[in-house]
Each structure stands twice: as structure tokens, then as C-alpha cells.
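Working notes for the structure below.
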Amino acid sequence: MTFTLHRSQSSGSSPRRGSLKTAHGAIETPFFMPIATKGAVKTLSSADMAGLGAGILLSNTYHLYMRPGLEIMQKAGGLHRFMNWSGPILTDSGGYQVFSLSKMRTLSEQGVEFQSPWDGSKHMLTPEKSIAIQQTLGSDIVMAFDECPPYPCEKKYAHEAVERTTRWAQRSQEQFQQKIADQPNRGQLLFGIVQGSVYADLRAQSARELQAIGFDGYAIGGLAVGEPTESMYETLASTLEELPADKPRYLMGVGKPENIVQAVRLGVDMFDCVIPSRNARHGLAYVWREKNAASDSAAAPKSAPLSGAAFYETVHITNEKNKTAFTVLDSACGCLACGGGYTRAYLHHLFRVGEALGQRLLTAHNIKFYLDLMTRLKGAI
RNA sequence: GGGUGGAUACCAAAGUGGUUAAAUGGACUAGACUGUAAAUCUAGUGGCCAACGCCUUCGUAGGUUCGAAUCCUACUCCACCCA
């Protein structure tokens, strides 16, 4: 079995632990994937990631296809070798770029034509091409090519997007199988992506249609794109009811720590998000809050369930008050910054003068925070 | 000694009679960021005020004008040029 649950769960919305086997090792779920869009977690090396205890990274088909391109990836012997990362990698299909680059693309039944922001050149991404690229990259988990609609989204359009996503999922699966027939199976897994905006019936339809095709795992896409958080939770809960319990469920692009906590409660197994890395580069650090437990009844001991957003706090490292804060972000943290003994005052200084080390240290810290969050959640299930 | 050009808010730098508390950068203050077009973006930054609003600013001191950062006079300082 590729995916095994540690405790048998009937179905639906309840937290679960499991193990997902990939060609580059098994990972305990629920887990978080730091994002290495262009083949690197910005400011960090593969060795750094291993040191932080990251189990699996996420990379992006669209970006790697644009640069360095398939020829280089082929000569490099695949993405793992290219970036010198021996753990598992999940590659996103480029479906999200259908959403985020909406001003620079043209969508058709065939696929999506993107215009390069660099030289204006046009590139067509289709389900077949996306999967083929991911096969060349050699990622452990391949994502079907989907359409991620914006929010808000008229139901009529959301419906069309669901049906197109289903057709694209079918084509993705066919391409995936064909390649496997051609070449030795590299042990790649293929995940389908549920769409349907915030409409429960569309989500259910999407989930049903994808299961009819059959995938190794099911992702929930198109959330956290601007809808109210409550709406996201409701949609997530109803969608999970429609997904098989014996396959991994992946909530794409989410999210804030409290979003992840809530999603794990509802039965999600996999996450990714740019928040820890991007916010780190923008000077925002995540810090556990229990050190203030004496004065704050909302702070919980490590073993207790994490609730709301009260279990952590954010630190704007560039804030004036950190100028003379000669303490590390979190004395219990073993990241490059905290373990290295670099104080908030020093990090503040690095950001002020624009030294890249500041971004690097904060990125390491936030990634560690997210990985620790998952460890705690596993411990609480 | 003579000549020319300057002096604008924390810094740099626009503005040559009213629409200017004064463009734009930087710096500073705070905020945002959810399958990364993101080391990005937003807002604020003379004083008082919760706010409406009021007050004080463009080297200094006078003057012209209904009205001046903008025009005139003197002075101070800076830069360059000629002796």
C-alpha cells in the first residue's frame, strides 16, 4: 500500500495519521511541504532543508519548464539530482498559474497559453504537457493539470471549471499511464485536484468524477484564494466527506498555522504554503507562545490540542522594539537562527541594512516552526 | 576685493505669484502577504487634535501684493570663476 493509516478511520472529518510511501522514502502524515518553486526553498539549500528536518519539498512545473527548461532538466538527470535533494518532491502542475497569472494567459479547452513576463514569448501548457514535464522532472508526486478559478466565482463558471478540470484530469491520467507503459515506472504517484469554488455540490461532483478516474491521492485546490476563512472551512469539511478515506488528502496552498490545525482536525494529510518562506523574507517570524504561559491562560502546554491562533505569535523583526532585543526568537528552537544564537536585535539589524543573511535565518526559522507545528499535531492525534 | 550660481521638511531633490503642509526618491513608523510574476506591496511621516479643524513652515530680516517657497532690498552661509 502506498498510503497507510495508522488508525483505521471510517471516513469524513476526523484527524488522522498515516504514512505515505514514495520513490524517495516514506513520510509520516500529516506533513507540510516547504516550497521550492524554482528548485530551491528561497535562501536555503537542500542541505539546510535536510538539517531542518524537512521530509518533502514542493516544486513547480511551470517555473522549471520556463527556466532552465526541459533539456537541462533531462541532462541533469531529473530534479532530485539537479537540486541535490534526495528526499521526496511534489511538483505542482502549473494549474495555480492559471489563476495567479490570469492577466497573462489565454485559457482554452486544449490548455493554457502563458506569455512569458521576461521576453513575451508564448508557451502552451496542456494536461499532457504538464504531466510529461513532471515525468521528466521525476517528481515523486505528480499533480494533475487543473484550473484554479478566482474568488469570488459565479457558480456557472465554477461549474465549467470543474468539468474542464475533470476532463483535464482524465487527460492527465492518460498521459501518466502512457509514459509508464513506455518506460520503467519510476514510482511516481499522480494526484487529482478537486475544484468547485465554495459550492458544496460542485465540490462533491468534482470529487466523484476524479474518483471515477482514479488517483493515488486527492488534492483540494482553489481554496484560500480570498474567500472568508469560515467559508473555506465549510467547503473543506464537505469536500473531505466526498473523498475516500484510504487515500491521502492534500489541501493545496494552505495556510496560516491555525488553518493547518483546523484542516488536520478535519482530516487533511498534506499541506504546502508560501507563508513561512515569503513572510520570512518580508521580516515576519512565527514564534511559539507557551513561554508566556504564566501570564497568558490561552497558551497551552505542548501536549494540549492547539487551538485558534493563540498558540503562536508573529514578530515583525524590523519593528523598532527589536532594535535592542538581545534574545533569540525562541530559545527552544533549533533552527539556524535560534540554534545559532542570533538575537532578534541582530536579525533586526540584518534586515535594516539589507543583508541576505537575515532573510536566510528567518526563513530557516519559519520553516522549522511549520515543521514543528506538524510534529506537534502528529503528537496530538 | 569682484563675478556667477545656490540655500526647500531627517537626507537628497522638484516647485518660480493663488489648485502647496509643499511633487518624487531615500530614510523612518506601522501593516499586509495562503498550490511564489513577491528581498514585494500598502499606508503614514511639521505641530496640536479622537475627529471636524486650527496653528507654524521653504537661510535671516524687511518690503511689494487681496495673496509669496515663488517678486524686490539688505544681510548670513555654501560652491565655482576672475583678481
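Chain naming here is simple, since letters A, B, ... match the order of the sequence lines and numbering starts at 1 in each.
Side chains of Thr126(A) and Gln110(A): no donor on one and acceptor on the other come within 3.5 Å.
U42(B) and G46(B): their C1' atoms are spaced 23 Å apart (whole Å). Taking atom C1' in both A21(B) and G53(B), the straight-line distance is 15 Å, to the nearest Å. The P atoms of U70(B) and G62(B) are separated by 14 Å, rounded to the nearest whole Å. Distance check on atom P: U73(B) versus A79(B) gives 24 Å, rounded to whole Å. Distance noted for atom P between A9(B) and C80(B): 22 Å (whole Å). C71(B) and C77(B) have their P atoms separated by 23 Å, with the value rounded to a whole Å. Using atom C1' as the reference point in both U8(B) and A69(B), the two lie 7 Å apart (nearest Å). Taking atom C1' on both nucleotides, A13(B) is separated from G26(B) by 11 Å, rounded to a whole Å.
Aromatic ring centres of Phe114(A) and Tyr62(A) lie closer together than 6.0 Å.
Applying the Watson-Crick and G-U wobble criteria (two distances, each under 3.5 Å), A69(B) pairs with nothing in any strand. Pair check for G1(B) finds C82(B); Watson-Crick or G-U wobble, both atom distances under 3.5 Å. Pairing for U16(B) is absent, with no Watson-Crick or G-U wobble pair whose two atom distances lie under 3.5 Å. C77(B): Watson-Crick or G-U partner is G6(B), with both key distances under 3.5 Å. Nucleotide A21(B) forms no Watson-Crick or G-U wobble pair with any nucleotide shown, as no partner meets the under 3.5 Å limit on both distances. In this structure, U40(B) and A32(B) make a Watson-Crick or G-U wobble pair, each of the two defining distances being under 3.5 angstrom.
Straight-line distance from the CG atom of Asp272(A) to the P atom of U34(B): 12 Å, rounded to whole Å. What separates CG of Asn279(A) from P of A39(B) is a distance of 12 Å, to the nearest Å. The nearest whole Å value for the distance from the CG atom in Asp92(A) to the P atom in G35(B) is 10 Å. Atom-to-atom, CG of Leu101(A) to P of G35(B) comes out at 13 Å; the value is rounded to the nearest Å. Gln359(A) places its CD atom 14 Å from the C1' atom of C33(B), with the value rounded to the nearest Å. For His282(A) and U34(B), the NE2 to C1' distance is 13 Å, given to the nearest whole Å. The interatomic distance linking Tyr96(A) (OH) with G35(B) (P) rounds to 5 Å, in whole Å. Between Phe351(A) atom CZ and A39(B) atom C1' there is a gap of 8 Å when expressed in whole angstrom units.
Pro68(A) and Met73(A) make their closest contact through CG-SD, 3.7 Å (heavy atoms, listed as atom of the first residue, atom of the second, distance). Between Arg352(A) and Thr318(A), the closest heavy-atom pair is NH2-O, 2.9 Å. Considering all non-hydrogen atoms of both residues, Leu107(A) and Trp168(A) come closest at CG-CH2, 4.5 Å.
Residues from residues 215-225 of chain A placing a heavy atom under 4.0 Å of any atom in RNA chain B, listed by number, are Gly222(A), Ala224(A). A heavy atom lying under 4.0 Å from RNA chain B marks the following residues of residues 50-72 of chain A, by number: Leu58(A), Asn60(A), His63(A). Contacts between residues 19-46 of chain A and RNA chain B, defined by a heavy-atom separation under 4.0 Å, are made by Ile35(A), Thr37(A), Lys38(A), Lys42(A).
Nearest nucleotide to the side chain of Arg352(A), out of A37(B), A38(B), C28(B): C28(B). Residue Gln195(A) places its side chain closer to G35(B) than to any other of C28(B), C33(B), G35(B). In this structure, the nucleotide among G31(B), U36(B), G35(B) sitting nearest to the side chain of His316(A) is G31(B). Comparing A37(B), A39(B), G31(B) by their nearest atom to the side chain of Asn319(A) picks out G31(B).
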(request) Decide salt bridge (Lys or Arg N to Asp or Glu O under 4.0 Å) for Arg16(A) and Asp269(A); before the verdict, give the C-alpha distance in whole Å, the side-chain angles of both, and the deciding distance to 0.1 Å. (result) CA-CA 7 Å; Arg16(A) 52 206 227 143; Asp269(A) 308 301; 2.7 Å; yes

Quick one, Asp372(A) with Phe369(A), criterion side-chain contact (heavy atoms from CB on, under 4.5 Å). Give me CA distance, side-chain angles, the key distance, then yes/no. CA-CA 5 Å; Asp372(A) 286 349; Phe369(A) 176 90; 5.7 Å; no

* Go through the steps to decide whether Leu20(A) and Thr2(A) satisfy the test side-chain contact (heavy atoms from CB on, under 4.5 Å), and finish with yes or no. => CA-CA 6 Å; Leu20(A) 178 62; Thr2(A) 296; 3.8 Å; yes

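Of the two residues contacting RNA chain B, namely Gly255(A) and Arg278(A), the nearest-nucleotide position lying further toward the 5' end is that of Gly255(A). Judged by closest nucleotide on RNA chain B, Glu320(A) is the one of Glu320(A) and Lys256(A) placed further toward the 5' end.
More than 12 heavy-atom neighbours from other residues, nucleotides or ligands sit within 6.0 angstrom of NE2 on His123(A).
At A37(B), one or more side-chain N or O atoms of Gln97(A) fall inside 4.0 Å of OP1 or OP2 (strictly under the cut-off).
Between Tyr96(A) and Phe99(A), the angle of the ring planes lies from 30° to 60°, which puts this pair in the tilted group. Ring pair Tyr286(A)/Tyr370(A) is perpendicular by interplanar angle, where above 60° counts as perpendicular and below 30° as parallel.
Under a hydrophobic-cluster definition in which Ile, Leu, Val, Met, Phe, Trp and Tyr are linked whenever side-chain heavy atoms come within less than 4.5 Å, directly or via other members, Met252(A) and Tyr151(A) are assigned to different clusters.
Counting heavy atoms from C-beta on, the side chains of Leu336(A) and Lys368(A) never come closer than 4.5 Å.
One N or O donor and one acceptor, one from the side chain of Ser277(A) and one from the base of U36(B), sit under 3.5 Å apart.
Checked by atom type and distance alone, the side chain of Thr363(A) never pairs as donor or acceptor with a backbone atom of Thr43(A) at under 3.5 Å.
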